[in-house]
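Whatever order the structure lists ligands and atoms in, that order sets their numbers, starting from 1. The basis for the numbers below is simple: all heavy atoms, side chains too, and nothing from hydrogens, waters or symmetry mates.
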Amino acid sequence: MRIAVVGAGVVGTSVAWELTARGHQTVLIERCNEVAQETSFANGAQLHAGHAAPWNPPGVLRDAIGWLGKSDSPLRINPLRVLRNPSWSLRFLANATARRYRRHADANAALALYGVQQARAWRDALGLTFDARDSGILKLFDDPDALEHGRAEATAVEALGIRHRVLSIDETLAREPALSDAADQLAGAIEFPDDGCGDPLQFTAALAERLTAEGAELWLGTTARRLLGGPAGVEGVETSRGVVDVDAVVVAAGSYSPALTRAFGVRLPIEPVKGYSVSIPLKGVKGAPEMPIIDDTRKVVLTRLGDQLRIAGKAEITGFDLNLDERRWQVVRKQGLSRFPHLAEQLADAPSHPWAGLRPMTCDGLPILGPTPVSGLHLATGVGHLGWTFAAGSARLVADQLEERTCDLDPTPYQLRRPR
Ligand SMILES: Cc1cc2nc3c(=O)[nH]c(=O)nc-3n(C[C@H](O)[C@H](O)[C@H](O)COP(=O)(O)OP(=O)(O)OC[C@H]3O[C@@H](n4cnc5c(N)ncnc54)[C@H](O)[C@@H]3O)c2cc1C
């Protein structure tokens, strides 16, 4: 089949690779002049099946109210934005029941595990280099109750094959000696030994190189203006470089996906949720963490990528605004380094490279993968805070459904029409 994929972030490029590898004629359409220039550019870089729960657990409203107005809050909401898309917020809250949360967390965990395994399989088979490390991830807790809650969450997904180990303070320091100055702040940690990290920008660029080498077309600097077709379904894409006639289209345009599908009556419950990262070069510096870290209290992640440290965090519902608010990214930097005072001292004058991206977040926290009621129109979007982790697994699910094959993983939870 001739298939267009719109959006060359980590998700669209993964889908395009999978389709190309299966022998389809693929056209990957991207408005930027390079791949992975938007949300896949400088994210937290963690591949974490152990931390795949949606962001709307029971009690999310109480937590959100508690965070609002605080200068170092992980959350910021522009009420005008909420009023523009009230149904998303209401549905986000409606999904915060114990039953739905558990169901969505399990489905996300299964896809995350599949995604990490698939990304590693591609890495090994294709020789992709992207500062990948299969080091595991450490999740830190300050509060014994939060640690206990984290243990219960980790135990709940153990049956899916996601291993974890609860660590005492001494065991945490033995696993990551760079945390020695933080010993008196910690209640302990949970180690997810099968998680890891890697640079999604390098991964996406390497995959794009492979797919063009295999004969796929990569149309960079090309905006998909609208999908073409009629009652029989989608038949092409009108782009800034002309029309592409195809048998099927996969929309993988991140937070911008709803704008493309709306004309065909496909409404996607996706809201952009902004986050920040700061990348700091580590040359000549001692005491940086080797393990990727999730700091449960401060709501930041730290990941070592080659000779730089990436710190990421924050969730802002402020529309499509990508402005780099210095106060906000400085908080991310400060909170990330707060467990490492000696490192923070050495990095006081180091350059910081701030970045902001928009997570394409659905109101139930699950991605949207697979066919739509419109013939020829398929989706690979809504991957939220986990798009790097989900990407390679999502690509396989989308390709299997497009070819009407049986999937390795039950695709039902991620379909546009969700089971109730
Ligand atoms: C601060 C932060 C930290 C994160 N940390 C992690 C992490 O540690 N682990 C993890 O798994 N995930 C993480 N994420 C989430 C992850 O980054 C995203 O889920 C993922 O990058 C989304 O990928 P995507 O391909 O769907 O979207 P994008 O990367 O945004 O790609 C969409 C592409 O579509 C293109 N496009 C849009 N409209 C059009 C059009 N009309 N025509 C042509 N092209 C178009 C865009 O230019 C873009 O390149 C993080 C996100 C943020 C913001």
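The part of Ala45 lying near ligand 1 is the backbone, judged by heavy-atom distances below 4.0 Å. The backbone of Thr222, and not its side chain, has at least one atom closer than 4.0 Å to an atom of ligand 1 (non-hydrogen atoms only; backbone = N, CA, C, O).
Salt bridge present: Asp296 and Lys299 bring a charged side-chain N and a carboxylate O closer than 4.0 Å. Classification of Arg304 and Glu290 as a salt-bridged pair holds, one side-chain N sitting under 4.0 Å from a carboxylate O. Comment: Asp106 engages Arg102 in a salt bridge, judged by a side-chain N to carboxylate O separation of less than 4.0 angstrom. Remark: Arg91 does not engage Asp364 in a salt bridge, criterion side-chain N to carboxylate O under 4.0 Å.
Considering backbone and side-chain atoms alike, Ala312 places every N or O at 3.5 Å or more from each N or O of ligand 1. The shortest N or O to N or O distance between Gly275 and ligand 1 is not below 3.5 Å. Checked against a 3.5 angstrom limit, the closest N/O atoms of Glu38 and ligand 1 fall inside it. Backbone and side-chain nitrogen or oxygen atoms of Leu260 are examined, and none is located within less than 3.5 angstrom of a nitrogen or oxygen of ligand 1. Looking at ligand 1, you'll find an N or O of Thr39 within less than 3.5 Å of one of its N or O atoms. On a distance-only criterion, Gly384 and ligand 1 share at least one N/O pair closer than 3.5 Å.
Aromatic ring pairs are classed by plane angle as parallel below 30°, tilted from 30° to 60° and perpendicular above 60°; the pair His164 and Phe192 is tilted.
Heavy-atom proximity to Thr389, at under 4.0 Å, picks out these atoms of ligand 1: 9 (N), 10 (C), 11 (O). Contact atoms of ligand 1 toward Gly357: 53 (C) (distance under 4.0 Å to a heavy atom of the residue). Within ligand 1, the atoms closer than 4.0 Å to a non-hydrogen atom of Cys32 are 47 (O), numbered from 1 in the order shown. If you number the atoms of ligand 1 from 1 as listed, the ones under 4.0 Å from a heavy atom of Gly254 come out as 26 (O), 27 (O), 32 (C). Counting the atoms of ligand 1 from 1 in the order shown, those under 4.0 Å from a heavy atom of Val10 are 23 (O), 25 (O).
Between Val383 and ligand 1 there is a heavy-atom distance shorter than 4.0 Å. No heavy atom of Thr303 sits closer than 4.0 Å to any atom of ligand 1. Assignment of Ala252 to the shell around ligand 1 is supported, since a heavy atom sits closer than 4.0 Å. Note on ligand 1: Lys314 sits outside its first shell, no heavy atom being nearer than 4.0 Å. By the 4.0 Å heavy-atom criterion, Thr223 is counted among the residues contacting ligand 1. Residue contacts with ligand 1 include Glu30, since one or more of its heavy atoms lies under 4.0 Å from the ligand.
Taking only non-hydrogen atoms, the option from Tyr276, Tyr256, Trp388 nearest to atom 1 (C) of ligand 1 is Tyr276. For the residues Gly9, Gly387, Ser40, the heavy atom positioned nearest atom 23 (O) of ligand 1 is part of Ser40.
The side-chain tip of Arg333 does not point at the ring of Tyr276 from less than 6.0 angstrom away and within 45° of straight on. Trp17 does not carry Arg210 over the face of its six-membered ring by the limits of under 6.0 Å from the centre and within 45° of the normal.
Neither side chain, Asp295 nor Gln335, offers a donor N or O lying under 3.5 Å from an acceptor on the other.
The structure places CG of Leu268 at 5.0 Å from CD1 of Ile368, a figure rounded to the nearest 0.5 Å. Within the model, atoms SG of Cys197 and NE2 of His48 stand 10.5 Å from one another, a figure rounded to the nearest 0.5 Å.
Of all protein heavy atoms, the one lying nearest to atom 3 (C) of ligand 1 is Gly44 N, 3.3 Å.
Crowding of Arg84 atom CZ: a count of heavy atoms from other residues, nucleotides or ligands under 6.0 Å not exceeding 12. The local environment of CD in Glu34 is sparse, with at most 12 non-hydrogen atoms from other residues, nucleotides or ligands closer than 6.0 Å.
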